[in-house]
**Student:** 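This is the structure I have questions about; it appears just below.
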Amino acid sequence: MKRMLSGIKPTGQLHLGNYIGALRHFVDYQDEYEMFAFIANLHCITVPQDPAELQKNLKDCVALYLACGLDPSKATIFLQTDVPQHAQLGYIMCCHTYMGELNRMTQFKDKQAHGETNLSGGLYTYPSLMAADILLYDPDYVPVGDDQKQHVELTRDLAIRMNNRYGDLFRVPEPLVAKTGARIMSLSNPEKKMSKSDETNKGCIYLLDSEKVARKKVMSAVTDSLGRVHFDPVNQPGISNLMQILSSLQDDRSMADIEQEFEGKGYGDFKRAVADAVCGKLNEIQTRYNEIISSGLIETTLDDGAAKARKIAAVKLEKVQRAIGMEIIEK
Ligand code: ATP
Ligand code: LTN
């Protein structure tokens with residue numbers, strides 16, 4: 001069975017973009033692949049966090065993973081810091097990453113370009129830690145959204161570099177970007193991706209939003225004056241984004257099929273259909289979430305997941321440290 005690994009960084013509440021771009025695929029993949037899904041809490045603190053809020057987001061994230069259908073008997077689900085080898089290999093990877101490579105990473109460049117000040121060293125070296133997260137487990141594939149592809153490319157470069165230098169240490173993984181839904185856009189500004197860093201809060205639907213709030217966000221989504229439900233991301237980005245959301249929530253239904261259903265109908269009817277689909281999905285997820293959050297399932301899932309992940313990670317870290325010449329005592 002091929003192995004797959006992905007991480008999610010809950011610096012805020014999970015949103016529909018995370019679900020469509022990442023989580024729903026994990027659920028599909030867990031039957032076909034040996035799946036590792038972890039909560040990247042080390043990555044969360046690359047930007048300032050309120051401790052109580054961070055803890056709540058981490059717990060909610062696990063609960064939502066499970067509520068969306070990830071099954072701990074199939075997938076290994078764990079918290080990054082429960083496996084200390086991530087930070088350890090992260091440091092080693094950092095020592096093998098050139099500053100020029102880090103300077104090219106768009107996520108950091110974007111934040112800098114926005115004039116954000118006091119950016120942390122952790123944020124700058126984050127791609128090296130991400131490489132360690134991946135390479136510890138020798139996955140074949142790393143499913144990510146569009147925005148993370150560059151980080152997986154760097155991971156491949158680092159793996160090849162270290163394999164050339166020290167012998168065969170790592171499997172070189174491939175990014176897996178889903179063809180549809182890899183980039184769900186903000187409802188209030190369809191030129192920007194749906195993101196928890198959305199200042200207005202109107203463009204992002206959170207998985208724990210109430211039905212009323214979610215419906216309102218869809219109904220007030222930015223559209224255009226063309227008045228036809230047509231998939232054309234360049235000229236009709238708002239409508240195309242809503243079509244993308246609807247398609248993803250309805251088994252990747254084709255755009256042609258959606259266009260046909262709404263032929264001659266107004267945007268009001270179309271938005272209502274999107275809102276119904278979104279609220280139906282949120283309702284399903286939230287019902288499961290409420291059961292999970294008060295059960296002991298989160299704790300047992302994380303304990304079991306970390307035990308399994310640690311075993312694999314410990315063997316890999318030992319192999320790397322030995323190959324580099326860092327160890328003295330034979331273990
Ligand atoms: P931010 O919202 O602060 O920009 P993020 O949501 O991209 O951060 P994560 O929560 O770590 O960061 O994302 C988890 C996964 O969800 C990643 O694979 C990411 O590519 C995917 N993802 C995030 N936003 C979207 C989106 N708008 N559309 C599709 N996939 C997304
Ligand atoms: N950088 C990713 C989260 C992440 C990740 C990983 C994804 C951290 N480590 C390893 C895949 C594999 C993000 O911001 N979404």
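Counting convention: from 1, in listed order, for ligands and their atoms alike. We use all heavy atoms of the structure for the numbers below, so side chains are in, but hydrogens, waters and symmetry mates are not.
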**Student:** Under a 3.5 Å cutoff, is there a donor and acceptor pairing between the side chains of Ser240 and Asp232?
**Tutor:** no
**Student:** Less than 3.5 Å apart, any donor N or O on the side chain of His15 or Asp209 sitting next to an acceptor on the other?
**Tutor:** no
**Student:** Has ligand 1 got any nitrogen or oxygen that is less than 3.5 angstrom from a nitrogen or oxygen of Ile184?
**Tutor:**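 Yes: some nitrogen or oxygen of Ile184 is under 3.5 Å from one in ligand 1.
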**Student:** At under 4.0 Å between heavy atoms, which part of Lys9 makes contact with ligand 1: side chain, backbone, both or neither?
**Tutor:**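 Looking at Lys9 and ligand 1, atoms from backbone and side chain both fall under 4.0 Å.
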**Student:** Counting only heavy atoms, which portion of His43 has something under 4.0 Å from ligand 1: side chain, backbone, both, or neither?
**Tutor:**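 Neither; nothing of His43 gets under 4.0 Å from ligand 1.
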**Student:** Just jot down the ligand 1 atoms closer than 4.0 angstrom to any heavy atom of Ser195, in number order.
**Tutor:** 1 (P), 2 (O), 3 (O), 4 (O)
**Student:** Looking at His230, is its backbone amide N or carbonyl O close enough to the side chain of Glu259 to form a donor-acceptor pair, meaning the two atoms are under 3.5 Å apart?
**Tutor:**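 Answer holds: no.
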**Student:** Hey, is Ala22 touching ligand 1 through its side chain, its backbone, both or neither, going by heavy atoms under 4.0 Å?
**Tutor:**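 For Ala22, only side-chain atoms sit under 4.0 Å from ligand 1.
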**Student:** Taking the inter-plane angle between the rings of His43 and Tyr126 on a 0 to 90° scale, is it parallel (under 30°), tilted (30 to 60°) or perpendicular (over 60°)?
**Tutor:**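 Rings of His43 and Tyr126: perpendicular, over 60°.
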**Student:** Measuring from the heavy atoms of His15, does anything fall under 4.0 Å of ligand 1?
**Tutor:**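 Judged by the 4.0 Å heavy-atom criterion, His15 does count as contacting ligand 1.
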**Student:** Polar contacts were defined as any N/O atom of the residue lying under 3.5 Å from an N/O atom of the ligand; does this apply to Asn18 and ligand 1?
**Tutor:**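 Such a contact does occur with ligand 1.
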**Student:** Going by the closest heavy atom to atom 8 (C) of ligand 2, which one wins out of Gln148, His86, His43?
**Tutor:**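 Ranked by closest heavy atom to atom 8 (C) of ligand 2, first place is His43.
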**Student:** By number and element, which atoms of ligand 2 are closer than 4.0 Å to a non-hydrogen atom of Ile134?
**Tutor:**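 So the answer, numbered in order with elements, is 10 (C), 12 (C).
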**Student:** Any idea which of Gly17, Gly21, Cys44, Gly203 brings a heavy atom closest to atom 25 (C) of ligand 1?
**Tutor:** Gly17
**Student:** Side chains of Tyr267 and Asp224: do they bring a donor and an acceptor to under 3.5 Å?
**Tutor:** yes
**Student:** Going by ring pair (Phe, Tyr, Trp, His ring centres under 6.0 Å), His86 matches just one of Phe36, Tyr91, Phe78. Which one?
**Tutor:**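 With His86 as partner, Phe36, Tyr91, Phe78 yield a single ring pair (Phe, Tyr, Trp, His ring centres under 6.0 Å), made by Phe78.
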**Student:** Side chain, backbone, both or neither: which applies to Asp147 and ligand 1 if a contact is any heavy-atom pair less than 4.0 Å apart?
**Tutor:**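 Side chain only.
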**Student:** Any donor-acceptor pair under 3.5 Å linking the side-chain atoms of Thr46 with those of Ser120?
**Tutor:**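 Side chains of Ser120 and Thr46: no pair found under 3.5 Å.
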**Student:** Does ligand 2 come near enough to Tyr126 that some N or O of the ligand is less than 3.5 Å from an N or O of the residue?
**Tutor:**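 N/O-N/O distance under 3.5 Å: yes.
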**Student:** Indicate whether any N or O donor in one side chain lies under 3.5 Å from an N or O acceptor in the other, for Gln150 and Thr106.
**Tutor:** yes
**Student:** Considering only protein heavy atoms, which is closest to atom 9 (N) of ligand 2, and at what distance to one decimal place?
**Tutor:**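 Answer, as residue, atom name and distance: Asp133 OD2, 2.7 Å.
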**Student:** Do the side chains of Tyr206 and Leu242 join up, straight or via other hydrophobic residues, at under 4.5 Å, putting them in one cluster?
**Tutor:** no
